[in-house]
Amino acid sequence: MSFNCRFAPSPTGPLHIGGVRTALFNWLLAKKNKGKYFLRIEDTDKERSKDEFKKQIISSLAWLGIEHDGEEYIQSKNISKHINVAQELLKKGFAYKCYCSEKEINEQKEKCKKQGIPYVYNRKWRDAKDLTIPESIKPVIRFKSKISGNTIIKDLVQGERNISNSTIEDFVILRKDETPTYQLSATVDDHEMKISHVIRGDDHMINSFKQKQIYEAMKWEVPNFAHIPLIHSEQGKKLSKRDNASTLEDYIKIGIISDALRNYLLRLGWSYKDKEIFTKQESIDLFDLNGVGKSPSKLDMNRIYSINETYIKSIDQKELFNFFKEYVSKYKKTIDQSKESVLFKSIGFLKNKAKTLEDIWNNAQYIINDKIEISSDDKKLIDGLSKKIIKDFIDEYEKLSLLSRETLEPVIKSLIDKHQTNFKGVGQPLRILLVGSKFGPGLYDIILSLDKTKVLKRLKEIL
RNA sequence: GGUCCCAUCGUCUAUCGGUUAGGACAGUUGGUUUUCAUCCAACAAAGAGGGGUUCGAUUCCCCUUGGGACCGCCA
């Protein structure tokens, strides 16, 4: 049997971080088992599905390095097949037409609510021998769920799950406008696509029980199911669009790099011994459903930042610079061509104080901007002594024919001695004038990363 | 409310009956770096409660408590 996984988002909003993890797990398992991973866009909700979201989902997954096999599968293109299956189910007696009006259904729901009992469709039309069909109402097709017995699913993550069939209502498979619902479409497509492993969020558990009945009615092979626990917000609730760090885009725009996010998501709800950092290949080799826990996990920004920092510090300078360039052009502003080579050379120390690409961007402002702003508080720190030191520094600096750490160091040292101060006494005013802040990269790095003319210009401004 | 599920440091987790309950992030303290950050070291921090089973339970079972998911002609 072939090993096929899929990720099936609906394009009704930006890609959710939980969805990203689901996609990752599917992809990982497929790769590990030398199987295929497909992407299926579930766009049967015509009202809410948007093409822009579809595009965004695809590009987001590509950003993370999750490439699907073959073309993406567009569910709406397969609607006629879904309808055929509905008709077949009807013919075989596994489904029936329900002529209840929306009003009637709503009244039932109200009534149940008042009585405090759970609403389940009353199966009125399941056996409609004695009912007259109302002319004015277009029917929906409902699946004839089993009334007695239990349905068991051997879930690859949750273990054996058992539910009484009586709790599963006769769910709608074809709407009154003759379009298929999710339960039908997803099942038919999973079958058509020969999906062997359905890995999805815990919130789908009940759907699997419904869908299993469709598989059985159609005499189709039932796939393996794995329901992974949901990701919770820091408040401990299911992540919703209202949470501010819920979409993938939220992470990209603060400068999280893709390998770091992939690594974070991998370790959220899954573990392999004490290992924390996984290369892409390691994650493929080591991933398995046994390592997935059963309880939901909370998002932890600290951890995301920390892993991101680890990756920023460990990846190749060229690669980091490319990430940085891409990030900046998308979320900040295009880097001036003339600044590129300086930035490339400097990224090695700019990254030292950075947890995100955005931090690198902030650290690089003194290079990117020709004019720097100094706060009035910082300006106050430049006192009379500081000015003398700066004046002396300028004299020595101008004399230097070769600029390097080795030539600069004696200059700074001599100034410390001459003015009876410490490194901070010399370094701080210089840094404030050159960078515009008390904080910043190491002093030598700053001086060497700026043109001589620029250094002199910035220093002389205060005198 | 009904159905189903979950439960180890603040967070992510290890442990598959016998451990001083381990690691990582965050936190605290100290040290390197003649600033900040980095880096290094140390400290602090957990088996929700109650019953069983067992020579022995964090681990297996039950109850309580707490938390969650689902309950659409959305997906």
Side-chain angles (χ1 to χ4, degrees), chain A residues 8-13 19 42-45 47-49 75 98 100 102 105-106 109 112-113 115-121 138-142 155 158-159 161-164 166-169 171-183 185-186 200-207 209 227 229-230 232 234 236-238 264 266-277 290-291 293-307 309-310 313 349 351-355 359 363 412-413 416 421-428 430-432 437-443:
Chain A
S10 60
T12 53
E42 305 214 323
D43 58 344
T44 51
D45 183 344
E47 295 279 303
R48 296 192 299 152
S49 294
Q75 187 159 64
C98 163
C100 286
E102 276 174 61
I105 298 281
N106 286 337
K109 283 186 187 170
C112 287
K113 212 173 169 186
Q115 295 179 353
I117 55 172
Y119 165 76
V120 185
Y121 170 67
K138 281 193 165 181
V140 298
I141 295 182
R142 286 181 185 271
D155 191 285
Q158 307 287 338
R161 287 288 127 103
N162 190 335
I163 199 172
S164 167
S166 61
T167 60
I168 298 172
E169 64 163 357
F171 52 94
V172 174
I173 54 175
L174 209 64
R175 301 184 187 102
K176 70 172 178 220
D177 65 359
E178 297 184 319
T179 58
T181 63
Y182 163 75
Q183 305 293 1
S185 297
R200 58 190 5 170
D202 220 352
D203 49 343
H204 280 285
M205 194 72 220
I206 192 76
N207 293 329
F209 286 104
H227 292 89
L230 301 177
H232 281 176
E234 276 162 333
K237 297 269 193 271
K238 180 181 175 181
Y264 172 74
L266 173 70
R267 276 290 283 99
L268 192 62
W270 177 84
S271 62
Y272 178 80
K273 298 179 181 170
D274 280 342
K275 196 166 166 62
E276 301 287 348
I277 300 298
N290 290 340
K294 286 189 189 181
S295 46
S297 24
K298 278 184 197 156
L299 233 26
D300 181 3
M301 277 318 282
N302 276 327
R303 177 63 75 97
I304 296 174
Y305 284 127
S306 162
I307 293 183
E309 189 179 8
T310 303
K313 285 184 177 147
F349 65 82
K351 74 176 182 184
N352 280 335
K353 311 180 66 136
K355 288 190 190 307
D359 290 343
N363 292 341
I412 301 293
K413 283 224 166 96
I416 293 171
T421 182
N422 55 18
F423 186 86
K424 196 175 171 184
V426 177
Q428 184 163 282
L430 281 169
R431 178 182 281 109
I432 288 172
S437 164
K438 275 180 291 186
F439 310 112
L443 187 61

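Throughout, protein chains are lettered first and strands after them, A, B, ... in sequence-line order, and every chain is numbered starting at 1.
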Ignoring backbone atoms, test whether [X] places a side-chain nitrogen or oxygen under 4.0 Å from the OP1 or OP2 oxygen of [N].
X         : N      : value
Lys424(A) : U34(B) : no
Lys238(A) : C70(B) : yes
Ser297(A) : U13(B) : yes
Ser271(A) : A14(B) : yes
Arg161(A) : A69(B) : no
Thr44(A)  : A75(B) : yes

| query | Is the side chain of Thr12(A) donor-acceptor paired with the backbone N or O of Arg48(A) at a distance under 3.5 Å, no angle test? | reply |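 No, the answer is negative, given that no donor and acceptor are paired below the 3.5 Å cut-off.
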
| Can you check whether His227(A)'s main-chain N or O pairs, donor with acceptor, with Asp155(A)'s side chain at less than 3.5 Å? |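 A pair under 3.5 Å: yes.
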
| query | Around Lys275(A), counting heavy atoms of other residues, nucleotides and ligands shown, do more than 12 lie under 6.0 Å from its NZ? | reply |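 Enclosed.
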
| request: Sequence neighbours left out, what passes side-chain hydrogen bond (donor to acceptor under 3.5 Å, both in side chains) with Glu234(A)? Give chain and number order. | output: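 Testing Glu234(A) for side-chain hydrogen bond (donor to acceptor under 3.5 Å, both in side chains), a comparison that skips the adjacent residues, returns none.
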
Taking N and O atoms by type only, does the side chain of [X] place a donor or acceptor under 3.5 Å from a partner on the base of [N]?
X         : N      : answer
Arg48(A)  : A75(B) : no
Arg267(A) : U13(B) : no
Asn207(A) : A75(B) : yes

| said: As a test of reading the structure: which of A7(B), A75(B), U34(B) is closest to the side chain of Ser10(A), going by heavy atoms? | reply: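 The listed nucleotide nearest to Ser10(A)'s side chain is A75(B).
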
| query | Using the C1' atom in both, what is the distance from C25(B) to C9(B), to the nearest Å? | reply |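 Roughly 12 Å separates the two C1' atoms.
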
| request: Map Cys98(A) and Phe209(A) onto RNA chain B by nearest heavy atom, then report which one ends up closer to the 5' terminus. | output: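 That would be Phe209(A).
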
